[in-house]
Amino acid sequence: MAGAVRVRFAPSPTGSFHVGSARTALFNWLFARHHGGAFLLRIEDTDAERNREDWVGGILDALAWLGLEPDEAPVRQSAMVERHQEAIDRLLRAGLLYACDCRREDVEARKAPGTPPGYDGHCRDRGLEPGPGRVLRFKVPDAGEVVVEDVVRGTVRFPLAAIEDFAVVKSTGQPLFVLANVVDDLAMGISHVVRGEDLLPSTPKQVLLWGALAGPARPLPVYAHLPMLVNEKRQKLSKRRDPVAVEQYRAEGYLPEAFVNYLALLGWSHPSGRELLSREELVAAFRLEDVNHAPAFFDVQKLRHLNGEHLRRLPLGAFVEACRPYLTPPSAPWPAERFDPAVFEAMAPLVQERVAVLSEVPGMVDFLFLPDPPLEAAAWAQVVADPLTPAILGGALEAYADCPFEPEALHQATAALAESLGRKLGKAQAPIRVAVTGRRVGPPLFESLALLGREETLRRLRTAQARLAAEQPAG
RNA sequence: GGCCCCAUCGUCUAGCGGCCAAGGACACCACCCUCUCAAGGUGGAGACACGGGUUCGAAUCCCGUUGGGGCUGCCA
């Protein structure tokens, strides 16, 4: 049927999977799902020089992680060579291409100051035979214009006079991106081309090629050029200088649903104004017409916040499950055999509302599984500086020796101790926390102590006492 | 240089001629809650780039300026 939606995400495997690519893939996927259409994947691997097989794996892994799996088997552009060759032959027979042996320097040298940039059409009428060492160029009409109706940008006009006779086939006979892309879209029955705005300038060329290759039965695809993702300097995100690897965010402990949620908010927003959205809500409301025009800054702060929201909404079991990869070495600082799942699960609800990314989990619970948790220097210094520390440590040792070792009783005992010393509980518990966990902040103290157990708690309090005495010779 | 795109709080955005002395979210500040930290609550600071039109009326439409960005390869 005429209205069937078929979109494709067409990355080239030239590096680790990029957040900008993920956003493009997501918008294609959302659009396809919203319309009950097909989301396809095409690996554009025609440039053997820069493609690596492990990058292909990276794309597949990242898409699977994000839950953006293609509806049909992925297409390898390199497997479409016959089709490409056939298209080249047809264009040649139609007299739309010509061979050219100009080198870049030659073109530059011919150019008088002030002339338009790009290729000057030098070989257009030289009648060169196609062959090795010669590229094939498309004869762009000298006058007229190409009008692109872009769903997000509206009508965009390109005067043909400003478009050079662009190369479509390398001197090796290999098709260039601009051609292969069109041939493949035609072959795959693509109805909508949803891609980054950086490809807008190549669109008139592709429209020309599509017109030359597609029959009247194949109208142009609908184009939609998404705004770029930029860094804090408002430049297109770059692999070199910006943290753009999706894999890195995954490793840091972002949830795929949070990542997808955040990406969807870059250049689009839900009509309700709500920002915490499920995948289903995104699909239901997504419309290309509502996509913004302006570039968007990829703000990790906001991603973090959203991830925290998603994390907190997870059922406890799912949260514990999500934590799993972070609870064993090398992610976790403790030896695997010291980890006790039951203890972690008991602490998990308190951890869940305190972390924004999963990689922060080990730091919240390490004192439970490390024989001697590392002591934060600043925290210890504060304890040392506090004149009441000896009294608090001593008082705690005494109080905890025979009080029931459960949170409420520990709370009461510590509160009583604090009162006897004329200090607020909040301040009084600090030296105890540092002595036992090595840190100034962490999950609620009395739950922590109860889980650690009386014996170990007392041992750590004594250790701290001894350390204090050693550092502060009586005086 | 040429072609093209873009322009609301620091950031992501709502707004599609009157309901806007511009709303929400993140970040920030203050207070509350509180065993630390989070979470939560309340309040605060914070934007229509500029100039011309059009109109009874413009953040919204048009033109220009300025500023940003993209493309300009025998990469994709």
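We name chains A, B, ... by the order of the sequence lines, and we start the count at 1 in each one.
- Pairs of residues two or more places apart, or lying in two chains, that qualify as side chain to side chain donor-acceptor pair (under 3.5 Å) and include a residue from residues 419-428 of chain A are A/Asp386-A/Arg423.
- A donor-acceptor contact closer than 3.5 angstrom links the side chains of A/His84 and A/Asp184.
- Between the P atoms of B/U65 and B/C4, the separation comes to 14 Å (whole Å).
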Could you pull out every donor-acceptor pair under 3.5 Å between side chains of residues 135-147 of chain A and any protein atom, sequence neighbours left out?
{"unit_1": "A/Arg137", "atom_1": "NH1", "unit_2": "A/Asp165", "atom_2": "O", "d": "2.8"}
{"unit_1": "A/Asp142", "atom_1": "OD1", "unit_2": "A/Arg124", "atom_2": "NH1", "d": "3.1"}
{"unit_1": "A/Glu145", "atom_1": "OE2", "unit_2": "A/Arg157", "atom_2": "NH1", "d": "2.5"}

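- Side-chain contact between A/Gln352 and A/Leu314 is present, with heavy atoms from C-beta onward closer than 4.5 Å.
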Under 3.5 Å between N/O atoms: give me all the protein pairs with nucleotides 59-67 of chain B, atom names plus distance.
none

Taking only nitrogen or oxygen atoms into account, show me every contact under 3.5 Å that the protein makes with nucleotides 38-42 of chain B, one pair per line with its distance.
{"unit_1": "B/A38", "atom_1": "O2'", "unit_2": "A/Glu353", "atom_2": "O", "d": "2.9"}

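- Taking 3.5 Å as the limit, the base of B/A25 and the side chain of A/Lys302 contain a donor-acceptor pair of atoms between them.
- Within the nucleic acid shown, A/Phe446 comes within 4.0 Å of at least one base atom, counting heavy atoms only.
- Residue A/Pro443 is classed as a base contact, given a heavy-atom separation below 4.0 Å to a base.
- Here the side chain of A/Asp198 is nearest to one of B/G70, B/A76, B/U11, namely B/G70.
- Rounded to whole Å, the distance from CD on A/Glu164 to C1' on B/G2 is 11 Å.
- Checking B/U55 for Watson-Crick or G-U wobble geometry (two distances, each under 3.5 Å) identifies no partner in any strand.
- Surrounding CZ of A/Arg241 are more than 12 heavy atoms belonging to other residues, nucleotides or ligands, all under 6.0 Å away.
- Applying a 4.0 Å cut-off to non-hydrogen atoms, the residues of residues 264-278 of chain A that approach RNA chain B are A/Leu265, A/Leu266, A/Gly267, A/Ser269, A/Glu275, listed by residue number.
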Return all side-chain donor-acceptor pairs below 3.5 angstrom for residues 10-23 of chain A, not counting sequence neighbours, or 'none' if the list is empty.
{"unit_1": "A/His18", "atom_1": "ND1", "unit_2": "A/Gly20", "atom_2": "N", "d": "2.8"}
{"unit_1": "A/Arg23", "atom_1": "NH1", "unit_2": "A/Leu266", "atom_2": "O", "d": "2.6"}
{"unit_1": "A/Arg23", "atom_1": "NH2", "unit_2": "A/Pro227", "atom_2": "O", "d": "2.2"}

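- Using atom C1' as the reference point in both B/G44 and B/C63, the two lie 40 Å apart (nearest Å).
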Without placing hydrogens or testing angles, list every side-chain donor-acceptor pair under 3.5 Å for residues 288-298 of chain A, not counting sequence neighbours.
{"unit_1": "A/Asp290", "atom_1": "OD1", "unit_2": "A/Arg287", "atom_2": "NH2", "d": "3.1"}
{"unit_1": "A/Asp290", "atom_1": "OD2", "unit_2": "A/Arg287", "atom_2": "NE", "d": "3.0"}
{"unit_1": "A/His293", "atom_1": "NE2", "unit_2": "A/Val152", "atom_2": "O", "d": "2.6"}

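- If you run side-chain contact (heavy atoms from CB on, under 4.5 Å) between A/Leu30 and each of A/Leu68, A/Val194, A/Leu282, A/Leu263, only A/Leu282 comes through.
- With B/C74, B/C71, B/G73 as the candidates, the nucleotide lying closest to the side chain of A/Lys236 is B/C71.
- Contacts with RNA chain B (heavy atom under 4.0 Å) in residues 414-432 of chain A: A/Leu425, A/Gly426, A/Gln429, listed by number.
- Counting to the nearest Å, the P atom of B/C26 and the CG atom of A/Leu306 are 10 Å from each other.
- For the pair A/Val193 and A/Arg8, the minimum side-chain heavy-atom distance is below 4.5 Å.
- Heavy-atom neighbours of A/Glu398 CD from other residues, nucleotides or ligands within 6.0 Å: at or below the threshold of 12.
- The aromatic rings of A/Phe405 and A/Tyr400 stand perpendicular to each other, their planes meeting at an angle above 60°, with 30° marking the opposite boundary.
- Within the model, atoms CG of A/Asp185 and CG of A/Leu213 stand 11.5 Å from one another, a figure rounded to the nearest 0.5 Å.
- When ring centroids are compared, A/Phe259 and A/Tyr249 come within the 6.0 Å threshold.
- Applying the salt bridge (Lys or Arg N to Asp or Glu O under 4.0 Å) test to every pair with at least one member in residues 146-155 of chain A, sequence neighbours left out, gives these pairs: A/Arg153-A/Glu197.
- Residue pairs meeting the salt bridge (Lys or Arg N to Asp or Glu O under 4.0 Å) criterion with at least one member in residues 292-302 of chain A, sequence neighbours excluded, are A/Glu275-A/Lys302.
- Where A/Val169 and A/Ala296 each meet RNA chain B at their nearest nucleotide, the meeting point lying more 5' is that of A/Ala296.
- The closest side-chain donor-acceptor pair between A/Asn307 and A/Arg312, if any, does not fall under 3.5 angstrom.
- Residue A/Arg137 is in sugar-phosphate contact alone, with no base atom involved, counting any heavy-atom pair closer than 4.0 Å across all strands shown.
- Pair check for B/C71 finds B/G2; Watson-Crick or G-U wobble, both atom distances under 3.5 Å.
- Pairing for B/A38 is absent, judged as Watson-Crick or G-U wobble with the two contacts each under 3.5 Å.
- Of the side-chain N and O atoms in A/Lys170, none sit less than 4.0 angstrom from OP1 or OP2 of B/G73.
- Side chain to side chain, A/His225 and A/Thr203 meet the donor-acceptor criterion of an N or O pair below 3.5 Å.
- Within the structure, the salt bridge (Lys or Arg N to Asp or Glu O under 4.0 Å) test picks out the following pairs touching residues 352-369 of chain A (sequence neighbours left out): A/Arg304-A/Glu360, A/Asp366-A/Arg439.
- Look at A/Arg234 and you'll find a side-chain N or O under 4.0 angstrom from OP1 or OP2 of B/C12.
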- prompt: Which parts of nucleotides 3-9 of chain B does protein reach within less than 4.0 Å, heavy atoms only, written one letter per nucleotide 5' to 3' as B for base, S for sugar-phosphate only and - for none?
  reply: SSSSS--

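- Across all strands, A/Glu447 comes closer than 4.0 Å to base atoms (heavy-atom distances).
- With both pairing distances under 3.5 Å, B/C26 is matched to B/G10 as a Watson-Crick or G-U wobble pair.
- Using a 4.0 Å heavy-atom distance criterion, A/Arg439 is classed as making no nucleic acid contact.
- The phosphate of B/C35 has neither OP1 nor OP2 within less than 4.0 Å of any side-chain N or O from A/Arg433.
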